[in-house]
Amino acid sequence: MRSQPVLLVIAHGSRDPRHAATVHALVRRVRSLRPGVRVETGFLDFNVPSVPGVLESLAAQGVRDVVALPLLLTRAFHAKSDIPAVLRQAPRGLRIRQAEVLGPSPLLLAGLERRLYEAGLDPAKKSSTGVVLASAGSSDPEAIAVIAEIAREWRHTGWCAVRPAFASAVLPRTEEAVRELRAMGCRRVAVAPYVLAPGRLPDRIARGAAGADVLADVLGPSQEVARVLLHRYDEAALPRLSAAVGA
């Protein structure tokens with residue numbers, strides 16, 4: 001039986017050092033949950049190691065099977081264009097399968113909810129609390145539709161209301177969604193950043209949450225995110241492993 005494919009976590013990268021620190025913390029958690037899988041990290045921009053550099057190193061070490069996992073919450077431009085373009089330039093001999101992005105997932109909603117409670121929201125007051133599901137934003141209509149659908153689904157778990165908001169590209173902004181929930185009569189308003197790591201856009205979300213009662217932290221290196229990441233890895237790796245068993 002072949003060894004399990006290497007998991008290459010592909011992050012966007014940022015000039016903000018908090019971004020890379022969060023990515024590395026998440027990867028450490030993934031390694032602790034699945035010690036039998038080799039996990040590497042590559043960045044598309046700003047940070048090292050770069051994705052091409054990691055792929056070249058893996059090929060030089062004799063690695064053949066890689067699952068490339070976009071550290072993204074929606075299938076927008078990076079997942080559809082940037083990452084496939086980088087992977088197409090990989091050294092010959094590497095068999096690479098691109099895993100699905102992390103969202104949507106019930107585990108991510110559980111992580112968002114836990115972050116809200118950690119920030120001080122009383123679970124007993126859930127039904128009278130309106131939530132702003134604040135994401136980075138995208139020009140991709142598919143990604144925006146997914147965020148809107150997540151907000152609709154989350155509303156049915158017992159919140160007073162859930163409204164999507166975006167830090168860039170499209171409206172509404174976080175502050176506008178906060179005002180809308182106030183106008184609806186929600187007794188309190190909480191902002192849940194649907195982002196993985198700190199940075200410029202999460203900071204914009206935080207500024208827009210000034211009128212809210214509660215601002216949760218980013219999802220970060222949480223247990224829920226790590227579990228979703230491994231689930232996406234398994235989905236991509238399983239066909240290859242199954243073929244190896246039957247060989």
Quiz item: With the 4.5 Å side-chain cut-off for hydrophobic clustering, are L215 and L201 part of the same group?
Solution: no
Quiz item: Side chains of R34 and L7: closer than 4.5 Å at any heavy-atom pair?
Solution: no
Exercise. Using modelled atom types only, decide if a donor and an acceptor are shared between the side chain of R115 and the backbone of A192 within a distance under 3.5 Å.
Key: no
Self-check item: Any L26 side-chain heavy atom under 4.5 Å of L71 side chain
Solution: yes
Self-check item: V9 and V30: CA distance, side-chain angles, deciding distance, side-chain contact (heavy atoms from CB on, under 4.5 Å) verdict
Solution: CA-CA 10 Å; V9 176; V30 170; 6.0 Å; no
Self-check item: Polar side-chain atom of N47 near backbone of S14 as donor-acceptor pair, under 3.5 Å
Solution: yes
Quiz item: What's the shortest heavy-atom distance between T22 and P198, and which atoms?
Solution: OG1-CD, 3.2 Å
Self-check item: Hydrophobic cluster identity match, I147 and L181, side-chain contacts under 4.5 Å
Solution: no
Quiz item: Can you name the closest pair of heavy atoms from A76 and S138 and give their distance?
Solution: CB-OG, 3.5 Å
Quiz item: Between S32 and R29, is there a donor-acceptor pair closer than 3.5 Å when you use the side chain of the first and the backbone of the second?
Solution: yes
Quiz item: Any donor and acceptor pair, going by atom type alone, linking the side chain of R155 with main-chain N or O of W159 inside 3.5 Å?
Solution: yes
Self-check item: Sidechain-backbone polar pair: R163 side chain, V178 backbone, donor-acceptor under 3.5 Å
Solution: no
Quiz item: Just by distance, do the side chain of R232 and the backbone of L102 share a donor-acceptor pair under 3.5 Å?
Solution: yes
Quiz item: Between L108 and V225, is a side-chain contact (heavy atoms from CB on, under 4.5 Å) present by the stated rule, with each step listed?
Solution: CA-CA 6 Å; L108 294 178; V225 174; 4.0 Å; yes
Quiz prompt | Donor-acceptor contact below 3.5 Å, side chain R173 vs main chain V170 | solution = yes
Quiz item: For R227, does the CZ atom have more than 12 heavy-atom neighbours from other residues, nucleotides or ligands under 6.0 Å away?
Solution: no
Exercise. List the steps, then state whether side-chain contact (heavy atoms from CB on, under 4.5 Å) holds for R207 with E175.
Key: CA-CA 8 Å; R207 291 192 296 271; E175 53 269 34; over 6 Å; no
Quiz prompt | Backbone N/O of V189 and side chain of D213: donor-acceptor pair under 3.5 Å | solution = yes
Quiz item: Side chain of S168, backbone of A136: donor and acceptor closer than 3.5 Å?
Solution: yes
Quiz prompt | Within-4.5 Å side-chain heavy-atom neighbours: K125 and R187 | solution = no
Quiz prompt | Which atom of E100 lies closest to which atom of P70, heavy atoms considered | solution = O-CD, 4.2 Å
Practice problem: With the side chain counted from C-beta on, respond yes when E180 and P172 share a heavy-atom pair under 4.5 Å apart, and no when they do not. | Solution: no
Quiz prompt | Straight-line distance of I205 CD1 to S135 OG, nearest 0.5 Å | solution = 6.5 Å
Quiz item: Linking I/L/V/M/F/W/Y whenever any side-chain heavy atoms sit under 4.5 Å apart, do V23 and V67 land together?
Solution: yes
Exercise. Measure the OG1-NZ distance between T74 and K80 for me, rounded to the nearest 0.5 Å.
Key: 8.5 Å
Quiz prompt | pair P193-D217: side-chain heavy atoms closer than 4.5 Å | solution = no
Quiz prompt | Rounded distance (nearest 0.5 Å) linking atom CD of E40 with atom CD1 of I10 | solution = 12.0 Å
Quiz item: What about I96 and V54, same hydrophobic cluster or not, with Ile/Leu/Val/Met/Phe/Trp/Tyr joined at side-chain heavy-atom distances under 4.5 Å?
Solution: yes
Self-check item: Close side-chain approach of Q61 and V6, heavy atoms under 4.5 Å
Solution: no
Quiz prompt | Distance, nearest 0.5 Å, that separates CD of Q4 from CG of L238 | solution = 10.5 Å
Quiz item: Quick one: are L133 and L112 in side-chain contact, heavy atoms under 4.5 Å?
Solution: yes
Practice problem: Give the minimum heavy-atom separation between A161 and C186, together with the two atoms involved. | Solution: CB-SG, 4.3 Å
Quiz item: Roughly how far, to the nearest 0.5 Å, is the NZ atom of K126 from the CD atom of E113?
Solution: 3.5 Å
Quiz prompt | For A177 against A165, the heavy-atom pair lying closest together | solution = CB-CB, 4.0 Å
Quiz item: Does Q98 use its side chain to pair, donor to acceptor, with the backbone of A79 at less than 3.5 Å?
Solution: yes
Self-check item: Co-membership, hydrophobic cluster, residues V146 and W154, 4.5 Å side-chain
Solution: yes
Self-check item: Closest contact, heavy atoms only, A190 versus L116
Solution: CB-CD2, 3.7 Å
Practice problem: To the nearest 0.5 angstrom, please state how far the OG1 atom of T129 sits from the CG atom of D122. | Solution: 8.5 Å
Exercise. Begin from the C-alpha positions of L94 and L87 and carry the test side-chain contact (heavy atoms from CB on, under 4.5 Å) through to its verdict.
Key: CA-CA 10 Å; L94 279 180; L87 297 180; over 6 Å; no
Practice problem: Decide yes or no for V162 and I150: does some side-chain heavy atom of the first lie under 4.5 Å from some side-chain heavy atom of the second? | Solution: no
Self-check item: Validation row, ring centre F43 to ring centre H78 under 6.0 Å
Solution: no
